[in-house]
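Structure record follows, encoded as structure tokens.
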Amino acid sequence: MPINGMSRRSVLAAGAATAAVAATGTLAAPAAHAAPTLPSGTSKDKVLVIGMDGLRHDRIEAANAPHLKSLMANGTYGLSLLYAPPMAATSSGPGWSTITTGVWPDKHGVKDNSFAGKNYGTYPGFLARLAQVRPGLSTYAAVDWKALDDHGTVTPGADGKLVLDGDRDGYPGHDATIANETESILRSQNPDVLFVYLGNTDAVAHSSGTGQRYLDAIAVQDGYLGRFLAAIKARPSYATERWTVIVSTDHGHIDAGGHGGSSVEERRTFVLAQGPGIAAGARPADTRLVDVAATVFHQLGIVPDPSWGLDGKPIQQRATDPFDTLLPSLTGRVDETAIPAGVLGFTHTAPSGWSVINSAMGTGGMTEWRGWAFATDEFWSRSQRDQWRELNVRSRGVCAVADSDEWDDRANSGPYESTLVTPAYGVSGKTTVRLDFTTLYRQEGSQSAEVLASFNGGTPTRIKSYTADVVSKPQSLSVSVPAGASSVSFRFRYTGANNWYWVIDGVKVTAS
């Protein structure tokens, strides 16, 4: 819902209604509403997506939320941090656009709640995409943040929709109407895909922070989730259907309430899913918010066309990045006081077959960043806010970081110079070898970043230099294989002196 855009009347009305729920456990009956009659579904694979606005996942444990906790135990639960400005604000417009389109804001174009620059024509929401590629599916959408309908974020493509105005009327009553209609449709009709939005968690956080009233709002929405799950199981055809249930959120909140900035609390999101092929009790470290749409498609048996440009992957599909093998060995901070002591997130030990050359590296500096390090997105981005570290959105799990700026925050002598070396890959009989990876690079001054290739252990040859910012983009470099070469290794060499940084992830080498 709107950040700094909700009227005070709406916030107070929502807060008062939630206080009544906490006191009585009930809400006044919502206004009568005739549910749309949907076409009968055509698929045994069915998906229910529930969006709970502004739901900070680290507050679920303290709430009376048995249904969310059951989904966590019986499904896959992946945490994901958002971007921050200048890519996009941690607000609802970009957040729900990321969820529904399956791409990051640099593609879908929504940077704030004005929706200026939206690019839904190229990157439509998943209901609109389903209407294009599987028009026989029966689909439904319900929202009470009207902007999600006004701007075409969620509802286009739906065969039936319910659009209410929580900003004008208050969210508790409209959430209840959405819950009633959704439950009715699940019990008595035959939908295939539903996207249902609940807004009161965000309204309560804005009005009173993330304390007890917020926990009460979570409990109410958890009750709605329980009703949806019961309605699914009560379907006469349930035994022959394959249901997937996904719960997600668009952003977090600071403790006092509010969002839009770069703190970890505002950037907290999650994807929680239970269904066929989705592991019970899994806690993947490589989940991202863009994975919701990709999971919907996968559970329906739809293979996304590469032209769709999705950034997401199904939640049950693990990344094959070698850096993620380091997760069990990550440790806590040494010199970085901005990172909480309990956050485990870095190591200097390279993956098997990889190495780091620091022979020209200066002495001293911040221990965590002395030469190439391997770190999680949360650990690294916590080291210093608002310097674009939050924009590392296309990295997953553990990434490789060379950060001369942070290294220089402690006394040191000599230059920053470090080289990350891949294992040797076989290229016998091949004519071309391709190196793919994702990078976030920020340029300043005389720093340098170059990729080099070495065949048969020979002298490395530069194949790419970076001299300008690259904000979390996939890279693909192709190199001709010299006659007689049987192996190749690649090097990522970074030099600097209190400049910026270079991050790489998802390294993959293929020969053809």
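All values below were derived from every heavy atom in this structure, side-chain atoms included, with hydrogens, water molecules and symmetry-related copies excluded. Keep in mind that what you see is a predicted model, and the values were worked out from it rather than measured.
Not one N or O on the side chain of Asn200 forms a donor-acceptor pair closer than 3.5 Å with the backbone of Ala217. Not one N or O on the side chain of Lys46 forms a donor-acceptor pair closer than 3.5 Å with the backbone of Leu194. In terms of modelled atom types and a separation under 3.5 Å, the side chain of Ser472 and the main chain of Asn392 share no donor-acceptor contact. Looking at Glu368, its side chain does come within 3.5 Å of a backbone N or O of Asp335 through a donor-acceptor pair. Between the Arg385 side chain and the Val264 main chain, no donor and acceptor come within less than 3.5 Å of each other.
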Pair His67-Phe228, side-chain contact (heavy atoms from CB on, under 4.5 Å): steps then yes or no: CA-CA 10 Å; His67 305 293; Phe228 300 157; over 6 Å; no
When you look at Phe195 and Thr155, which way does the side-chain contact (heavy atoms from CB on, under 4.5 Å) test go after all the steps? CA-CA 8 Å; Phe195 191 169; Thr155 54; over 6 Å; no
Please lay out, stage by stage, how His206 and His253 fare under the test side-chain contact (heavy atoms from CB on, under 4.5 Å). CA-CA 8 Å; His206 276 296; His253 271 273; 3.8 Å; yes
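The side-chain heavy atoms of His174 and Asp169, taken from C-beta on, include a pair separated by under 4.5 Å. Annotation: side chain of Arg442 is not in contact with side chain of Val471 (no heavy-atom distance under 4.5 Å).
Distance check, rounded to the nearest 0.5 Å: CG of Leu344 to CD of Glu378 gives 10.0 Å. Here the CZ-OH distance, from Arg129 to Tyr123, works out to 9.5 Å after rounding to the nearest 0.5 Å.
The only option from Asp311, Asp291, Asp286 that meets the salt bridge (charged side-chain N to carboxylate O under 4.0 Å, His left out) definition with Arg396 turns out to be Asp291. Applying the ring-ring contact (aromatic ring centres under 6.0 Å, His included) test between Tyr501 and each of Trp407, Tyr441, Trp380 identifies Trp380 as the sole match.
Relative ring orientation between Phe379 and Phe346 is described as parallel, the plane-to-plane angle staying below 30° on a 0-90° scale split at 30° and 60°. Ring planes of His57 and Phe270: perpendicular class, angle over 60° (limits at 30 and 60°).
Atom NZ of Lys111 has 12 or fewer heavy atoms from other residues, nucleotides or ligands within 6.0 Å. By the neighbour-count criterion of 12 heavy atoms within 6.0 Å, atom CD of Glu444 is densely surrounded, having more than that number from other residues, nucleotides or ligands.
Leu38 and Ile185 get closest at one heavy-atom pair: CD1-CG2, 3.8 Å. Counting all heavy atoms, side chain and backbone alike, Ser80 lies closest to Arg288 at OG-CA, 3.4 Å. Scanning all heavy atoms of the two residues, the minimum distance from Val103 to His108 falls at O-CD2, 3.1 Å.
Not counting sequence neighbours, Trp500 has no partner by the side chain to side chain donor-acceptor pair (under 3.5 Å) test.
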